[in-house]
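First comes the structure, then the notes that go with it.
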Amino acid sequence: MKKKQQQHPGGGADPWPHGAPVGGAPPCLGSCKRRIPLLPFLRFSLRDYGFCMATLLVFCLGSLFYQLSGGPPRFLLDLRQYLGNSTYLDDHGPPPSKVLPFPSQVVYNRVGKCGSRTVVLLLRILSEKHGFNLVTSDIHNKTRLTKNEQMELIKNISTAEQPYLFTRHVHFLNFSRFGGDQPVYINIIRDPVSRFLSNYFFRRFGDWRGEQNHMIRTPSMRQEERYLDINECILENYPECSNPRLFYIIPYFCGQHPRCREPGEWALERAKLNVNENFLLVGILEELEDVLLLLERFLPHYFKGVLSIYKDPEHRKLGNMTVTVRKTVPSPEAVQILYQRMRYEYEFYHYVREQFHLLKRKLGLKSRTSGPPVRPQFFIPTPLETEEPIDDEEQDDEKWLEDIYKR
């Protein structure tokens with residue numbers, strides 16, 4: 001019986017009825033045309049193609065918008081590449097021998113009662129020594145600015161002779177929002193309760209430079225208010241010891257948006273984002289020497305030799321004159337209440353502290369604590385040598401308090 005010839009899918013008899021020979025596909029015989037189907041995972045419709053193109057377009061536009069909106073300053077991007085993307089846990093060797101780019105625009109929007117007088121005194125010495133332009137402001141009592149005030153201040157800063165380091169008590173400014181080049185930010189914070197207590201007692205009793213200087217700053221403060229017991233202020237919920245007066249550090253990093261002044265998750269998360277995107281370093285006052293070491297490492301053109309100046313006996317003597325006098329520690333119950341009222345401040349403080357220790361490990365600096373920071377039931381602060389008096393920027397806050405006490 002004659003075997004039926006197999007038909008080729010394209011028509012006609014299949015010249016290889018038993019399959020193609022081993023070693024590859026056969027050459028086409030005559031004028032035959034073989035159709036090679038696409039692999040299943042490469043098949044897509046016109047609709048799928050359009051979706052892919054639309055996704056790519058959105059990504060490109062988003063990336064362009066992010067860059068036009070500022071994004072991280074170029075120096076911070078270079079620094080991240082320099083430090084690498086490791087978890088820091090296995091990096092025990094010295095940092096690579098690479099020279100970081102030199103940022104010519106640095107802003108220190110210093111937080112009140114967080115060592116700013118100490119750092120500014122060092123900057124005055126360093127600016128003479130290294131020849132950079134230290135730009136300060138005559139306005140000390142305005143941290144929150146209108147849109148026009150922001151534009152004017154950014155314009156004045158941006159036109160300063162470079163390299164410059166600008167310092168002022170002011171909440172974070174977004175230069176790129178007004179078409180300016182985003183500078184590199186630095187700052188220092190401290191334990192929120194410790195900062196609050198230093199502020200509370202300085203307003204009443206001043207520091208070692210002369211107890212009478214507090215009379216000049218708060219001349220209208222009544223005697224019963226001046227000698228108000230700190231525990232009574234906290235437990236009886238006086239305005240000076242309650243929210244939103246205790247929401248102080250986060251607005252310096254959140255920015256000028258009205259919601260940055262309201263204690264809550266929105267301001268907290270925005271402050272964290274700005275720390276990651278715009279701040280070269282946010283240190284903690286409790287480890288000031290390590291902060292100065294890192295500043296010298298990252299910004300040698302500004303801070304080279306800063307630690308030797310800081311440790312000089314004459315400089316330390318000047319620093320000790322700014323320690324607040326008559327400072328007492330409130331009861332554990334009162335501190336616990338403060339801790340709860342300042343929970344957002346503590347969330348931010350612990351976040352910054354963890355990031356600071358992470359950076360120290362990356363560069364081979366050993367932290368004082370071996371594990372993650374403990375969040376205690378309550379925190380009793382200890383006095384620091386670097387405490388300094390409140391700056392004039394607090395005068396608007398004092399006026400606010402005086403008006404309340406007069407009611």
Side-chain angles (χ1 to χ4, degrees), residues 76 79-80 83 86-89 91 108-116 118-119 171-172 184-199 246-254 260 263-265 267-299 303 307 310 335-336 338-388:
L76 293 188
L79 178 63
R80 289 171 187 171
L83 293 177
S86 69
T87 60
Y88 306 128
L89 298 179
D91 298 326
Y108 172 31
N109 63 322
R110 49 196 178 117
V111 181
K113 298 304 292 173
C114 291
S116 61
T118 298
V119 177
H171 295 169
F172 174 78
V184 168
Y185 274 84
I186 59 173
N187 217 323
I188 301 173
I189 65 174
R190 73 191 290 184
D191 180 272
V193 167
S194 181
R195 194 214 67 82
F196 165 76
L197 293 177
S198 184
N199 179 33
L246 304 181
F247 192 71
Y248 184 86
I249 297 176
I250 287 178
Y252 277 86
F253 299 87
C254 178
C260 289
E265 291 289 338
L268 170 64
E269 293 305 318
R270 182 160 176 157
K272 289 180 180 179
L273 179 64
N274 279 331
V275 167
N276 292 334
E277 298 293 344
N278 294 290
F279 282 80
L280 169 65
L281 177 68
V282 182
I284 56 174
L285 185 61
E286 292 82 358
E287 300 175 39
L288 182 57
E289 289 192 10
D290 288 343
V291 176
L292 298 178
L293 275 173
L294 291 182
L295 286 172
E296 184 174 4
R297 177 70 182 87
F298 293 143
L299 299 171
F303 288 94
L307 198 56
Y310 174 71
V335 175
Q336 171 67 15
L338 277 182
Y339 188 83
Q340 295 299 326
R341 290 175 182 172
M342 304 172 84
R343 61 187 180 277
Y344 294 112
E345 293 275 275
Y346 268 101
E347 280 295 318
F348 182 73
Y349 172 76
H350 284 298
Y351 176 81
V352 169
R353 187 172 182 264
E354 289 164 0
Q355 295 300 313
F356 180 65
H357 285 176
L358 205 62
L359 186 59
K360 285 170 58 176
R361 289 200 298 273
K362 174 65 178 179
L363 295 179
L365 292 177
K366 188 176 182 180
S367 297
R368 298 179 185 180
T369 56
S370 56
V374 179
R375 291 171 169 79
Q377 288 285 321
F378 57 85
F379 176 85
I380 299 181
T382 55
L384 295 172
E385 286 187 350
T386 50
E387 291 175 352
E388 79 293 344

Rounded distance (nearest 0.5 Å) linking atom [atom1] of [X] with atom [atom2] of [Y]:
| X | Y | atom1 | atom2 | answer |
| --- | --- | --- | --- | --- |
| Leu294 | Glu287 | CG | CD | 10.0 Å |
| His350 | Ile284 | NE2 | CD1 | 10.5 Å |
| Glu269 | Ile250 | CD | CD1 | 9.5 Å |
| Cys254 | Lys272 | SG | NZ | 12.5 Å |

Using only atom types and a distance under 3.5 Å, with no angle test, would you say the side chain of [X] pairs donor to acceptor with the backbone of [Y]?
| X | Y | value |
| --- | --- | --- |
| Glu347 | Leu268 | no |
| Arg270 | Ala267 | no |
| Asn187 | Asn109 | yes |

Pairwise side-chain contact, [X] with [Y], heavy-atom cut-off 4.5 Å (strictly under):
| X | Y | result |
| --- | --- | --- |
| Val193 | Phe196 | no |
| Pro251 | Phe172 | no |
| Arg195 | Cys114 | yes |
| Asp191 | Glu286 | yes |
| Phe298 | Val184 | no |
| Ile186 | Val282 | no |
| Leu358 | Gln355 | yes |
| Lys360 | His357 | yes |

Does Leu246 form a side chain to side chain contact (heavy atoms under 4.5 Å, CB included) with Leu338? I'd like the steps, not just the answer. CA-CA 8 Å; Leu246 304 181; Leu338 277 182; 3.7 Å; yes

Taking it one step at a time, do Arg341 and Phe247 satisfy side chain to side chain contact (heavy atoms under 4.5 Å, CB included)? CA-CA 9 Å; Arg341 290 175 182 172; Phe247 192 71; over 6 Å; no

Taking only residues two or more places apart in sequence, or in another chain, which ones meet [X] in a side-chain contact (heavy atoms from CB on, under 4.5 Å)?
| X | result |
| --- | --- |
| Leu293 | Asp290, Leu307, Leu365 |
| Val291 | Ile188, Leu281, Leu288, Leu295, Phe356 |
| Pro192 | Ile249, Met342, Glu345, Tyr346, Tyr349 |

Phe303: partners by ring pair (Phe, Tyr, Trp, His ring centres under 6.0 Å), with sequence neighbours left out: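 Applying ring pair (Phe, Tyr, Trp, His ring centres under 6.0 Å) to Phe303 gives none.
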
Looking only at side-chain N and O atoms, does Tyr252 offer a donor or acceptor that is under 3.5 Å from a partner on Asn274?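 Short answer, no.
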
Using the six-membered ring wherever Trp is involved, compare the ring planes of Phe348 and Phe253 and label them parallel, tilted or perpendicular (cut-offs 30° and 60°).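 Ring orientation, 0 to 90° scale: tilted.
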
